[in-house]
Peer 1: 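Handing you this structure, nothing more for now.
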Amino acid sequence: MVSKFSSKLLFGGSNCMINGIHEAEAEHEGSSHAGHVYDLTADILPSLGARSHCHVRLSKFVISPFDRRYRIWETFLVILVLYTAWISPFEFGFIDRPKLPFSVIDNVVNAFFALDIILSFFVAYLDKKTYLLIDDSKKIAKKHAFSVKTLLDVISIIPSEVVQKIFPASKRAYGVFNMFRLWRLRRVSRQFSRMEKDKNFNYFWVRCIRLICVTVFAVHCAGCFYYHIAAHYHDRKATWIGSTVEDFLQFSIWTRYVMSVYWAITTMSTVGYGDLHPVNKYEMLFDIFYMLFNLGLTSYLIGNMTNLVVHGSSRTRKYRDSIQAASSFAQRHQLPLRLQEQMLAHICLKYRTDSEGLQQQEILESLPKAIRSSISVHLFYSLVNTVYLFRGVSSDLLFQLVSEMKAEFFSPNEDVILQNEAPTDFYIIVNGSVDLLQKSMNRAEQIVGVAKKGDIFGEVGVLCYRPQLFTVRTKRLCQLLRINRTSFLNIVQANVGDGNIIMNNFIQHMKDQKNEVTKDSLTEIENMISRGKLGLPLTLCFAAIRADDLLMQRLLKQGVDPNESEDNGRTALHIAASNGSQKCVHLLLDYGADPDCKDQEGSTPLWEAMKGGHEAVVKLLRDHGANICAGDVGLYACIAAEQNNLDLLKTIVHCGGNVTLPAVTLLPRGELPLPRFNGGTALHVAVGEGNIKIVEYLLDQGADIDKPDIQGWTPRSLAEQQGHEGITALFQSKIGPKPQSMVTVQDDNNKVRFLGRFTSEPALSHLGHEQLTLSSDNSLGTPFRRRRKVDNFQNSLFGVLSAAQNGDRDQFSSLDRTDDVLEHHVCNARVIISFRQGHEVVRKVQVLLPNSFEELLDLAAKFGFSPSRIQTECGAEIDSIEVIRDGDHLVVITDEASDSISAS
């Protein structure tokens with residue numbers, strides 16, 4: 001429910017929060033404005049860190065300037081100002097004495113403005129320095145009593161009849177005193193400014209109407225003033241109108257008014273006068289000043305129209321464009337009404353925080369980190385210190401946490417966290433309140449709790465790295481502190497003791513809750529703690545990173561799985577071996593850690609120790625049965641060759657690895673859907689790097705210089721292509737010259753012709769259709785420093801002849817293939833497959849996309865599942881392999897799994 005003009009106005013500063021309107025008024029307005037989008041002028045944003053414990057209402061007889069009823073009163077007065085803007089110059093120029101009905105209407109209008117003067121002594125005002133709403137009656141009275149604005153307002157309501165009686169008969173000019181009423185035009189200017197920011201009005205037309213009103217008012221005043229000079233001149237025939245129209249006073253007021261306005265417009269537009277031109281000196285003097293005024297007015301109009309058409313008001317225009325884009329997006333996609341309102345409310349609130357002098361985030365980001373941290377500590381430290389999760393932690397941890405927190409505003413009825421959303425952030429409420437909602441079995445939302453100032457939400461998902469339990473929706477304008485999960489864990493990882501305190505506070509808080517959902521979650525969380533599955537530094541991987549063998553031993557004694565891994569498959573043994581932590585490695589092996597476990601990139605602990613040059617760890621792992629051949633030896637050799645590390649290659653050979661094997665494991669390379677080393681060998685990489693010593697060593701180990709990678713490049717052809725003469729000479733001295741190979745082509749007369757192939761071309765004898773297709777794209781070249789020139793082989797003569805020889809004429813008839821077709825045929829697309837039983841995901845794997853839908857079903861069966869159907873993550877069912885692309889997330893729906901999966 002969104003209250004359009006006020007529900008509660010919260011302020012920080014002198015230990016007080018001012019609730020702008022009485023609670024009864026807030027409830028009334030909230031109920032009458034349900035479903036409205038958040039308004040730009042609805043509430044005053046609270047200051048950063050507003051956290052007072054005292055609630056002060058406005059005085060009993062004080063009105064909030066943001067009250068909906070007071071805003072309606074101001075709008076009504078603007079309509080009266082428009083009447084005043086027309087009648088005051090008209091009475092000054094064309095009326096000599098009070099006439100009905102103008103005199104009666106003038107007095108009625110004056111009465112309304114007199115009432116507004118009295119009412120202003122009961123309206124709170126906003127202090128521009130402190131941005132606080134002042135509701136002290138004495139201060140309000142003092143502000144208005146000694147104000148020049150109030151003095152002019154009082155003068156403007158004096159009746160003209162009274163003025164005429166006060167002044168002597170010779171000085172009585174009806175309408176002269178009425179010109180003071182034009183002081184009220186300031187209300188119209190404020191109204192136009194509000195309308196320009198109101199999304200319910202078109203900004204362009206509001207701006208145009210404003211400029212038109214300024215022009216019409218200037219013409220109206222000039223015509224009335226000019227006629228007044230002629231009507232009161234002693235020789236009426238020697239005037240601009242008397243010289244053309246004799247006895248012009250006999251004409252009707254309307255005719256004389258039209259002639260006056262005509263003169264004013266022709267003078268303003270400088271198109272000439274015709275018969276209407278100044279005659280006497282007073283008219284000429286007035287005309288001079290009027291033309292000077294027109295110079296400024298014309299410049300103002302042209303400048304504004306140019307700025308409006310070309311640039312517009314940059315900030316407001318950007319806001320309006322954002323509103324329009326969001327509205328169009330919501331209508332085009334037929335989003336629910338509540339979601340549309342949340343989108344528009346968020347954009348409106350973001351505009352308010354970026355404008356009106358409240359550029360808080362920009363100010364903080366422009367300051368040095370030390371000052372920024374000091375401000376955050378001053379504003380939020382005492383609040384964060386009261387949060388249950390951080391009770392008992394060190395001041396250093398609190399200081400670091402507060403420095404990383406960001407204050408954000410959320411409009412009423414806006415979703416902050418969605419149920420089952422990925423846990424990325426948690427929030428602390430500075431002021432306001434939120435509802436905790438959960439969907440029932442019939443998909444209806446139920447309120448299961450309310451969080452208020454000083455509470456925290458989202459911590460369950462962040463600490464336990466599980467989907468969020470509740471949907472969190474704001475009840476009113478809220479200020480929240482947000483901290484990212486990654487930043488939080490990085491800070492806690494540097495404070496191991498505080499991490500234990502935080503977990504103890506969290507578990508105790510969960511036990512104190514009486515919610516059934518919380519109790520069920522507590523059981524799962526305790527099981528996760530016993531298995532070491534939490535994201536806090538109570539894991540073996542964290543202990544391995546810090547080389548803390550005491551913490552690791554304590555966790556292992558608690559029954560933590562020594563083979564537990566991170567999301568990328570890296571275990572604590574990987575980390576300990578990479579860091580050379582001999583004690584941690586020995587401890588993990590003693591508790592049964594697998595010495596040959598592999599992560600997603602195919603690395604084993606033995607390989608990690610070898611890369612780091614930790615000989616003692618390498619020996620320890622080998623003594624416990626670690627085998628380099630358990631991993632992708634070809635990949636390890638390629639990495640060593642890429643690093644130009646000959647000693648590492650020798651270490652691989654010393655441990656029993658064959659450095660001549662090709663790389664099998666797929667490693668990502670930039671944005672290309674190709675394996676990092678293209679299925680090549682270490683010799684390919686060494687040739688690409690131009691390292692003769694490594695090439696010579698690999699040749700001594702029996703590397704094949706004519707073995708192609710998946711693009712058809714052999715080490716020999718690669719050396720010739722890149723111009724490595726030394727390596728080419730080494731090949732010839734070691735292996736000998738390359739024999740000339742022939743390509744046979746069947747011509748139309750069933751005769752076989754032979755074409756000699758240049759030695760610089762890549763080998764084709766072992767390439768299949770997919771490899772030829774892969775070579776047809778210049779953008780998919782080899783990864784070796786990109787020094788090699790990649791030939792578009794498929795578009796070459798040999799590519800066409802080879803395709804004809806393999807009977808693929810139809811497939812290669814079109815040589816202009818797009819990148820999408822190439823990616824589809826390469827079969828290097830990787831997809832994530834989730835196996836789901838009922839509503840629970842029991843396993844998740846990442847695999848290469850097979851060539852057919854049947855092979856995809858067989859692949860699911862290999863993991864112990866019998867799929868009933870396959871669908872996308874959003875629920876669309878899939879029945880063809882052609883609709884699947886690289887990076888898709890597939891969900892396999894199954895009714896039962898194998899015993900092995902259930903056991904694991």
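Quantities reported herein were computed from a predicted structural model and do not represent experimental measurements.
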Peer 1: Closest approach of Met343 and Ala330, non-hydrogen atoms and distance?
Peer 2: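 That would be SD-CB, 4.5 Å.
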Peer 1: Are the side chains of Arg570 and Glu608 in touch, meaning some heavy atoms are under 4.5 Å apart?
Peer 2: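 They are in side-chain contact.
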Peer 1: Enumerate the ring-ring contact (aromatic ring centres under 6.0 Å, His included) contacts for residues 869-888, please, sequence neighbours excluded, ordered by first and then second residue.
Peer 2: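 The answer is none; no pair qualifies.
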Peer 1: Just grab all the ring-ring contact (aromatic ring centres under 6.0 Å, His included) pairs involving residues 423-463, residues at least two apart or on different chains.
Peer 2: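 Sorted result for residues 423-463: Phe426-Phe488, Tyr427-Phe457.
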Peer 1: Mind checking what makes ring pair (Phe, Tyr, Trp, His ring centres under 6.0 Å) contact with Phe329, not counting sequence neighbours?
Peer 2: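 For Phe329, the residues satisfying ring pair (Phe, Tyr, Trp, His ring centres under 6.0 Å) (neighbours in sequence not counted) are His333.
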Peer 1: With rounding to the nearest 0.5 angstrom, report the CD1 to CD distance, Ile483 to Glu404.
Peer 2: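 CD of Glu404 is found 6.5 Å from CD1 of Ile483.
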Peer 1: Does Glu341 use its side chain to pair, donor to acceptor, with the backbone of Arg338 at less than 3.5 Å?
Peer 2: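 Not at all, since once roles are kept as given, no pair shorter than 3.5 Å links the two residues.
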Peer 1: What I'd like to find out is whether the side chain of Val847 reaches to under 4.5 Å of the side chain of Ile833, using heavy atoms alone.
Peer 2: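 Yes, their side chains come closer than 4.5 Å.
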Peer 1: List the atom of Met510, the atom of Val460, and the distance in Å for their closest heavy-atom pair.
Peer 2: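 Closest approach of Met510 to Val460: SD-CG2, 4.2 Å.
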Peer 1: Side chain to side chain contact (heavy atoms under 4.5 Å, CB included) between Gln446 and Gln438: does it pass, once the steps are laid out?
Peer 2: CA-CA 5 Å; Gln446 296 180 349; Gln438 190 176 44; 5.8 Å; no
Peer 1: Tell me whether Gln479 contacts the main-chain N or O of Ile429 through its side chain, where contact means a donor paired with an acceptor under 3.5 Å.
Peer 2: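 Judged by distance alone, no pair lies under 3.5 Å.
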Peer 1: Compare all side-chain heavy atoms of Leu588 with those of Thr571 and state whether any distance is below 4.5 angstrom.
Peer 2: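 Leu588 vs Thr571: side chains apart.
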Peer 1: Taking C-beta and beyond as the side chain, do Leu397 and Ile502 meet within less than 4.5 Å on heavy atoms?
Peer 2: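 Counting from C-beta outward, Leu397 and Ile502 do come under 4.5 Å.
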Peer 1: Would you say His509 and Phe506 make side-chain contact, with heavy atoms under 4.5 Å?
Peer 2: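 Sidechains of Phe506 and His509: no contact.
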Peer 1: Let me confirm one number: the CG-OG distance from Leu401 to Ser376, rounded to the nearest 0.5 Å.
Peer 2: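 Going from CG on Leu401 over to OG on Ser376, the span is 12.0 Å.
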Peer 1: Is there a side-chain contact between Ile870 and Val891, using heavy atoms and a 4.5 Å cut-off?
Peer 2: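 They are not in side-chain contact.
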Peer 1: Among residues at least two apart in sequence or on other chains, which ones pass side-chain contact (heavy atoms from CB on, under 4.5 Å) with Asp594?
Peer 2: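 Here the qualifying residues are Asn563, Asp596, Cys597.
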Peer 1: Check side-chain contact (heavy atoms from CB on, under 4.5 Å) between Val387 and all other residues, then give those that pass, not counting sequence neighbours.
Peer 2: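 Expected list: Leu389, Phe390, Ile428, Ile456.
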Peer 1: Could you state the interatomic distance from CZ (Arg482) to OG (Ser487), rounded to the nearest 0.5 Å?
Peer 2: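 It comes to 9.0 Å.
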Peer 1: Is a side-chain N or O of Asn385 found less than 3.5 angstrom from the main chain of Tyr381, in a donor-acceptor match?
Peer 2: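 Answer holds: no.
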Peer 1: Please report the closest heavy-atom contact between Pro605 and His574, naming both atoms and the distance.
Peer 2: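 In this case the closest contact between Pro605 and His574 is CD-NE2, 3.6 Å.
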Peer 1: Closest heavy-atom contact between Pro850 and Leu859?
Peer 2: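 Where Pro850 meets Leu859 most closely, the heavy atoms are CG-CD2, 4.3 Å.
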Peer 1: With the side chain counted from C-beta on, respond yes when Thr386 and Leu383 share a heavy-atom pair under 4.5 Å apart, and no when they do not.
Peer 2: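 In short, these two side chains touch, coming nearer than 4.5 Å.
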Peer 1: In chain order, what residues pass the side chain to side chain donor-acceptor pair (under 3.5 Å) check against Gln508, with sequence neighbours excluded?
Peer 2: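 Side chain to side chain donor-acceptor pair (under 3.5 Å) list for Gln508, sorted by chain: Asp512.
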Peer 1: Please list, chain by chain and in numerical order, all residues satisfying side-chain contact (heavy atoms from CB on, under 4.5 Å) with Thr471, sequence neighbours excluded.
Peer 2: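 Scan of Thr471 (side-chain contact (heavy atoms from CB on, under 4.5 Å), adjacent residues dropped) gives Asp415, Leu418, Gln419, Leu437, Arg473.
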Peer 1: Would you say Ser565 and Asp599 make side-chain contact, with heavy atoms under 4.5 Å?
Peer 2: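 Not in contact.
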Peer 1: Tell me every residue that passes side chain to side chain donor-acceptor pair (under 3.5 Å) with Ser327, counting only those two or more places apart in sequence or in another chain.
Peer 2: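 Ser327 satisfies side chain to side chain donor-acceptor pair (under 3.5 Å) with no residue once adjacent residues are dropped.
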Peer 1: Scan side-chain atoms only and decide if Gln400 and Ser403 contain a donor-acceptor pair under the 3.5 Å cut-off.
Peer 2: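 There is no such pair (donor and acceptor under 3.5 Å, judged by atom type) between the side chains of Gln400 and Ser403.
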Peer 1: Who pairs with Ser433 by side chain to side chain donor-acceptor pair (under 3.5 Å), at least two apart in sequence or on another chain?
Peer 2: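 Expected list: Arg476.
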Peer 1: For Leu436 and Ile447, run side chain to side chain contact (heavy atoms under 4.5 Å, CB included): C-alpha distance rounded to whole Å, both residues' side-chain angles, the deciding distance at 0.1 Å, then the answer.
Peer 2: CA-CA 6 Å; Leu436 306 179; Ile447 298 178; over 6 Å; no
Peer 1: List for me each residue that meets salt bridge (Lys or Arg N to Asp or Glu O under 4.0 Å) alongside Asp455, sequence neighbours excluded, and say none if there are none.
Peer 2: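 By the salt bridge (Lys or Arg N to Asp or Glu O under 4.0 Å) rule, Asp455 matches no residue at all.
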Peer 1: Does Ser394 have any side chain to side chain donor-acceptor pair (under 3.5 Å) partners at least two apart in sequence or in another chain, and if so, which?
Peer 2: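 Only Asp498 meet the side chain to side chain donor-acceptor pair (under 3.5 Å) criterion with Ser394.
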Peer 1: Looking at CD of Gln324 and CG of Asp321, how far apart are the two atoms once the value is rounded to the nearest 0.5 Å?
Peer 2: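 Answer rounded to 0.5 Å: 8.0 Å.
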Peer 1: Working note: His889 + Thr872, criterion side chain to side chain donor-acceptor pair (under 3.5 Å); need CA distance, chi angles, decisive distance, verdict.
Peer 2: CA-CA 6 Å; His889 190 164; Thr872 62; over 6 Å; no
Peer 1: Which residues pass the side-chain contact (heavy atoms from CB on, under 4.5 Å) test with Gln468, sequence neighbours left out?
Peer 2: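 Listed in chain order: Ile417, Glu421, Pro423.
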Peer 1: Any idea which heavy atoms bring Val384 and Met405 closest together, and the distance?
Peer 2: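 Residues Val384 and Met405, closest heavy atoms: CG2-SD, 3.8 Å.
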Peer 1: Evaluate the side chain to side chain contact (heavy atoms under 4.5 Å, CB included) criterion for residues Phe409 and Glu414: first the C-alpha distance (whole Å), next the side-chain angles of each, then the deciding distance (0.1 Å), finally the verdict.
Peer 2: CA-CA 10 Å; Phe409 292 102; Glu414 182 176 354; over 6 Å; no
Peer 1: Tell me the closest heavy-atom pair linking Leu481 and Val430, and the distance in Å.
Peer 2: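 Of all heavy-atom pairs spanning Leu481 and Val430, the closest is CG-CG2, 3.6 Å.
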Peer 1: Any Lys/Arg nitrogen of Glu445 or Lys439 sitting under 4.0 Å from an Asp/Glu carboxylate oxygen of the other?
Peer 2: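 Lys439 and Glu445: not salt-bridged.
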Peer 1: Which distance, rounded to the nearest 0.5 Å, do you find between the CG of Leu856 and the CG of Asp858?
Peer 2: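 That separation rounds to 9.0 Å.
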Peer 1: Tell me if a side-chain donor or acceptor on Thr474 pairs with a main-chain N or O of Asn413 at a distance below 3.5 Å.
Peer 2: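 Looks like yes, one N/O pair under 3.5 Å.
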Peer 1: Kindly compute the distance separating CD1 (Ile878) from CD1 (Ile884), expressed to the nearest 0.5 Å.
Peer 2: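 Those atoms lie 4.5 Å apart.
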